[in-house]
Amino acid sequence: MSDVNKRVYLDYAATTPLDPAVFEAMLPYLWRESGNPSSVHASGREARSALDHGRQQVSEAIGAQPHEIVFTSGGTESNNLGVMGSAKAASYRGRHIVTTSIEHHAVLHAVRALTNEGFEVTELPVDSCGRVRPSDLEKAIRPDTVLVSIGLANNEIGTLQELETLTRIAHSAGAVVHTDAVQAVGQVDINVDRLGVDLLSMTAHKIYGPKSVGGLYVRDGVDVWPQVFGGAQERNLRAGTPDVPGIVGFGVAITRAKQSRSARVSHYRELVTVLVREVVEGCPTVRLTGDPCNRLASFASFAFRGIDAESLLQRLDLDGIEVSTGSACASGSLEVSHVMQALQLPASYRRGALRCTVGMPTNRRDVEMAAASIVRQVRVLEKVADKSVGGM
Ligand SMILES: Cc1ncc(COP(=O)(O)O)c(C=O)c1O
């Protein structure tokens, strides 16, 4: 069969397929073992034991205690609970929050919502690689700063932050530290004590686990107010019947991610090296976005000059190449993403951001096909752009 029918998925930062071993582990709980962990009878106890096991696995993977894990519906809810829950709980001490201009919207929109409740928010700038400067955090912190939320790895460019340093600065001023580690889990060796963070968000579907399940690490003694009200589940921090099959899957996915982390990372690195080399060779004016050294291994993020990434994305899709852009399409008009704006790329590059992220099933042929298609389509779009400028 020719390759024409083969689709190349290079969007693993958006989501990953379910690992068959994860699926196998979930299966009994999707079907026969359908008890509610709050019930006292045998079926309930079986579900409770699966829930406890999942909690044990997730906590072990990040160096936490089982009771410090709150299961949620994913990264968005974990971020909302971590940010809003901790800021409100600390509001008697002050109402100032520090975050960065490149956070995921699940953090940015949560802190902006808090401004309606009297909180003030400082969004730190980043350098051209997407790194937060510790000196900027030092300057931004005030006596009334109660929360600092800085993502461990950015979801558009893969840049990793120097979180240990940033956490020390925040703690020396008495602030609670939250990190969105949704993209980092599985690729970074995460230990909550080494990082020093108080709150850490995770999701299962970026590590070959199921969708709509995740967790928030809450350090012992850190006060968080619930954001979902109802029953007393999750130590009164998150009401609602827990997704037992999802949590079972999350536990297995995070354990497997930890066990095979170095093999996965070197696989990703090899593929990204080929992809980046071939794209750079074929498109000499391309810029690589993100930190060249401190970044997630699975990320290859580009900015093309004078090109509209949305058109590039559509052309690549027709070629069977599935990637994503750094821009969000809002009400029909292409908006430059907040991350690309924060990087202060030259204006001619801002609309041309493309993110390719590799995964476990990706092979060398996939990235070669993707690179060839990207180079071909960028050249076509460059010609179109030249003609339209010439024709003016
Ligand atoms: C950095 C980051 N935070 C949060 C989220 C949201 O996670 P979820 O899709 O599990 O709600 C994502 C997902 O794209 C992400 O990349």
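Every number for a ligand or one of its atoms is a count from 1 in the order of the listing.
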*Asks:* Looking only at protein heavy atoms, identify the closest one to atom 1 (C) of ligand 1 and say how far it is in Å.
*Replies:*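 Answer, as residue, atom name and distance: D180 OD2, 3.3 Å.
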
*Asks:* Would you call the rings of F250 and F71 parallel, tilted or perpendicular, where under 30° means parallel and over 60° means perpendicular?
*Replies:*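 Correct class here is perpendicular.
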
*Asks:* Could E60 and K258 be called an ion pair, given the rule that one side-chain N must be under 4.0 Å from one carboxylate O?
*Replies:*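 No salt bridge links E60 with K258.
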
*Asks:* I need the atoms of ligand 1 closer than 4.0 Å to a non-hydrogen atom of T203, numbered in the order shown.
*Replies:*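 Close to T203: 10 (O).
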
*Asks:* Could you tell me whether the side chains of T100 and E103 share a donor-acceptor contact shorter than 3.5 Å?
*Replies:*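 Side-chain D/A pair, T100 to E103: present.
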
*Asks:* Please could you name the atoms of ligand 1 that N79 approaches to less than 4.0 Å, counting only its heavy atoms?
*Replies:* 3 (N), 4 (C)

*Asks:* Could you tell me which atoms of ligand 1, counted from 1 in the order shown, lie closer than 4.0 angstrom to a heavy atom of G74?
*Replies:* 10 (O)

*Asks:* Judged by modelled atom types alone, do Q187 and S298 share a side-chain donor-acceptor pair under 3.5 Å?
*Replies:* yes

*Asks:* Starting from atom 9 (O) of ligand 1, find the nearest protein heavy-atom neighbour and note its residue, name and distance.
*Replies:* H205 NE2, 2.9 Å

*Asks:* Looking at atom 16 (O) of ligand 1, what's its closest protein heavy atom, distance included?
*Replies:* Q183 NE2, 2.8 Å

*Asks:* Under 3.5 Å, side chain of H104 to main-chain N/O of V107, donor-acceptor pair present?
*Replies:* no

*Asks:* Can you find a side-chain donor-acceptor pair between N80 and H109 that sits under 3.5 Å?
*Replies:*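 Side-chain D/A pair, N80 to H109: absent.
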
*Asks:* Give the residue, atom name and distance (to 0.1 Å) of the protein heavy atom nearest atom 5 (C) of ligand 1.
*Replies:*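 Of the protein heavy atoms, H104 NE2, 3.5 Å lies nearest.
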
*Asks:* Look at D291 together with R295 and state whether they make a salt bridge at an N to O cut-off of under 4.0 Å.
*Replies:* no

*Asks:* Among protein heavy atoms, which lies nearest atom 6 (C) of ligand 1, and at what distance?
*Replies:* T76 OG1, 3.4 Å

*Asks:* Below 4.0 angstrom, N of the basic side chain to O of the carboxylate: do R55 and E234 qualify?
*Replies:*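 Yes, charged N to carboxylate O under 4.0 Å.
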
*Asks:* Take every heavy atom of K211, measure it against each atom of ligand 1, and state whether any distance is under 4.0 Å.
*Replies:*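 Judged by the 4.0 Å heavy-atom criterion, K211 does not count as contacting ligand 1.
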
*Asks:* Among all protein heavy atoms, pick out the one at the shortest distance from atom 13 (C) of ligand 1; state its residue, atom name and that distance to 0.1 Å.
*Replies:*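 Answer, as residue, atom name and distance: K206 NZ, 2.8 Å.
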
*Asks:* For atom 8 (P) of ligand 1, grab the closest protein heavy atom and report residue, atom and distance to one decimal in Å.
*Replies:* G75 N, 3.5 Å

